[in-house]
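Below is one structure; the comments refer to it alone.
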Amino acid sequence: MEAYALGPARRGRRRTWAAGSLLSWAAIFLFISAFLVRVPSSVGHLVRLPRAFRLTKDSVKIVGSTSFPGNRTAQITSTGSLVFQNFEESMSGIYTCFLEYKPTVEEIVKRLQLKYAIYAYREPHYYYQFTARYHAAPCNSIYNISFEKKLLQILSKLLLDLSCEISLLKSECHHVKMQRAGLQNELFFAFSVSSLDTEKGPKPCTDHNCEPSKRLFKAKNLIERFFNQQVEILGRRAEQLPQIYYIEGTLQMVWINRCFPGYGMNIQQHPKCPECCVICSPGSYNPRDGIHCLQCNSSLVYGAKTCL
C-alpha cells in the first residue's frame with residue numbers, strides 16, 4: 001500500500017522532507033490542510049498542524065528530487081509529492097517539509113517550512129450483539145445442546161454471502177416461573193455478528209456495498225426476518241408446539257463499536273473525525289477494545305497497548 005503527501009511543487013522549488021518519526025499500516029494520504037482522509041484500506045491517517053515542532057538528531061531526511069527518491073518507505077514524485085509505501089503504525093509522528101524557491105528570477109531564494117503531525121487511524125470494530133430466548137427442554141437435556149449447535153449453523157449459513165461471522169457469547173438454561181404455567185425451562189442466547197475482512201480473500205471486494213457497516217446492516221435484517229418467520233410458522237401450526245421454540249418478542253439487538261488496542265476516539269484532539277479510532281499518542285494507551293486512549297505518562301510511542 002502507499003501513502004501520499006499531496007501538494008504540487010512549483011517551478012524553481014526544491015523540497016526536502018524530514019521526519020521526526022516514521023509512519024504505520026496500509027494506505028495513507030498526507031494533505032497540507034488539516035483533515036482526515038479516508039482510504040479503501042482499514043487503516044488511514046489523520047493530519048494536523050502542531051503549535052510547536054523541534055527536529056531531533058535522529059530525524060530522517062528525504063531530498064525532494066526524482067533522481068534521489070528517498071528510502072524504501074518514502075519516495076518523492078516528479079510533482080514534489082511525498083509517497084509512503086507499506087505504511088505502518090510506528091510511522092505515525094511529526095513530519096516537516098522544507099521548500100526553497102524564487103518567486104521571480106531577480107528575487108533571492110526564499111525558504112518555507114511546513115510542519116505536520118501524522119496519525120494512523122482505523123475503522124472502529126463494528127458489530128451487533130443479539131439476545132433471544134427459547135422455550136426449552138429440561139436444562140440437563142442433550143436436546144438443548146444439539147439445538148444450540150443447529151441454530152448457530154443456520155445463522156452462519158444465512159450470513160455466508162455477506163462475509164459476516166456469528167459468535168456465541170453466552171448460552172444458559174434457566175427455570176422461569178410463569179404466572180399460569182408454573183415453572184418452565186428457557187434458553188437464553190447471546191451472540192454477536194461481526195464483519196470479516198473482505199480484502200484478505202483471493203478476490204478483494206472493492207464495491208461500496210462491501211463496507212462493514214453496510215454488510216452488518218444487511219445481516220441484521222436477515223436475522224430479524226429469520227426470527228419473525230419462526231413466529232409465523234408457529235402461528236400456523238395446528239398441532240402441539242414443539243419442545244424447543246422461539247419466544248416471540250424476545251429478540252433484542254445492540255449496535256456496538258469499539259477501537260482496536262492502541263487506538264481511541266478523541267473529539268477534542270481530532271474534531272474532524274470524532275468517531276474515528278485514531279492511534280494513541282505518546283502519553284496514552286489503550287489495552288483492549290475500549291473507546292478512548294487512557295493517560296500513561298510513561299508511554300513514549302504511538303499506538304501503545306500497555307502502560308509500562
Side-chain angles (χ1 to χ4, degrees), residues 123-198 205 207-260 265 274-275 277 288-292:
E123 292 291 340
H125 179 209
Y126 302 113
Y127 64 95
Y128 277 105
Q129 182 172 308
F130 292 85
T131 57
R133 288 160 50 194
Y134 277 80
H135 184 279
C139 287
N140 58 354
S141 173
I142 192 174
Y143 293 110
N144 291 337
I145 299 176
S146 177
F147 174 79
E148 172 190 306
K149 293 181 179 179
K150 186 64 176 178
L151 178 62
L152 291 176
Q153 289 175 357
I154 293 174
L155 292 174
S156 297
K157 187 176 181 180
L158 187 68
L159 307 182
L160 185 62
D161 293 338
L162 294 175
S163 296
C164 289
E165 181 180 40
I166 297 281
S167 298
L168 180 65
L169 301 177
K170 182 173 64 175
S171 176
E172 298 177 345
C173 182
H174 296 281
H175 301 295
V176 179
K177 187 175 181 179
M178 308 298 292
Q179 186 174 4
R180 296 182 179 179
L183 285 177
Q184 291 190 0
N185 304 305
E186 290 189 6
L187 283 174
F188 290 73
F189 285 110
F191 59 93
S192 65
V193 178
S194 57
S195 62
L196 298 173
D197 191 348
T198 58
C205 184
D207 188 85
H208 74 280
N209 290 321
C210 294
E211 294 178 7
S213 58
K214 293 183 180 295
R215 288 186 283 118
L216 285 173
F217 182 75
K218 291 181 180 179
K220 177 186 77 72
N221 290 339
L222 288 175
I223 291 175
E224 287 180 317
R225 186 186 307 171
F226 169 75
F227 281 92
N228 289 334
Q229 287 174 344
Q230 293 184 67
V231 175
E232 294 173 2
I233 293 173
L234 287 174
R236 293 196 296 265
R237 287 177 62 96
E239 63 272 20
Q240 187 178 1
L241 291 173
Q243 190 174 28
I244 302 177
Y245 60 87
Y246 168 64
I247 300 175
E248 183 179 359
T250 61
L251 179 67
Q252 302 292 327
M253 70 198 78
V254 178
W255 171 258
I256 297 175
N257 60 334
R258 293 289 185 269
C259 293
F260 290 92
M265 299 180 186
E275 297 182 356
C277 292
R288 53 189 178 274
D289 289 353
I291 299 179
H292 306 293

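- Rounded to the nearest 0.5 angstrom, Ser163 OG and Leu216 CG are separated by 11.0 Å.
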Name each donor-acceptor pair under 3.5 Å that joins a side chain in residues 220-234 to protein atoms two or more places apart or in another chain, with its distance.
| unit_1 | atom_1 | unit_2 | atom_2 | d |
| --- | --- | --- | --- | --- |
| Lys220 | NZ | Glu224 | OE1 | 3.3 |
| Asn228 | ND2 | Glu224 | O | 3.2 |
| Gln230 | OE1 | Tyr134 | OH | 3.0 |
| Gln230 | NE2 | Tyr134 | OH | 3.1 |

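- In this structure, Ile154 CD1 and Leu158 CG are separated by 9.0 Å, a value rounded to the nearest 0.5 Å.
- Donor-acceptor pairing under 3.5 Å is recorded for the side chains of Asn185 and His175.
- Atom-to-atom distance recorded for Leu160:CG and Ile166:CD1 is 11.5 Å, nearest 0.5 angstrom.
- By the disulfide bond (SG atoms under 2.5 Å apart) test, Cys164 is found to be paired with no residue, residues two or more places apart in sequence or in another chain being considered.
- In the displayed structure, Gln240 atom CD is contacted under 6.0 Å by at most 12 heavy atoms of other residues, nucleotides or ligands.
- Summarising the geometry of Ala219 relative to Val193, their closest heavy-atom pair is CB-CG1, 4.0 Å, with the distance given to 0.1 Å.
- Of the residues Phe188, Phe189, Trp255, Phe191, the one that meets the ring pair (Phe, Tyr, Trp, His ring centres under 6.0 Å) test with Phe130 is Phe191.
- Between Met265 and Cys259, the shortest heavy-atom contact is CG-SG, 3.8 Å.
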Evaluation steps, side-chain contact (heavy atoms from CB on, under 4.5 Å), between Ile291 and Arg258: CA-CA 5 Å; Ile291 299 179; Arg258 293 289 185 269; 3.8 Å; yes
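- No donor-acceptor pair closer than 3.5 Å links the side chain of Tyr126 to the backbone N or O of Ser195.
- Closest non-hydrogen pair, Phe260 versus Glu123, comes out as CE1-O, 3.6 Å.
- In this structure, Ala136 and Asn144 approach most closely via the heavy-atom pair CB-OD1, 3.6 Å.
- The two residues Glu148 and Leu168 make their nearest non-hydrogen contact at OE2-CD2, 3.2 Å.
- Summarising the geometry, atom OH belonging to Tyr128 is positioned 11.0 Å from atom CG belonging to Asn257; distances are rounded to the nearest 0.5 Å.
- Taking 4.5 Å as the limit, some side-chain heavy atom of Pro242 sits within range of a side-chain heavy atom of Arg237.
- The shortest heavy-atom contact between Pro124 and Glu275 is CG-O, 3.4 Å.
- The line from CG of Leu169 to CD of Gln129 is 5.5 Å long, rounded to the nearest 0.5 Å.
- Taking CG of Leu251 as the start and CZ of Arg133 as the end, the distance is 12.0 Å to the nearest 0.5 Å.
- Residue Ile142 qualifies as open at atom CD1: its count of foreign heavy atoms under 6.0 Å is 12 or below.
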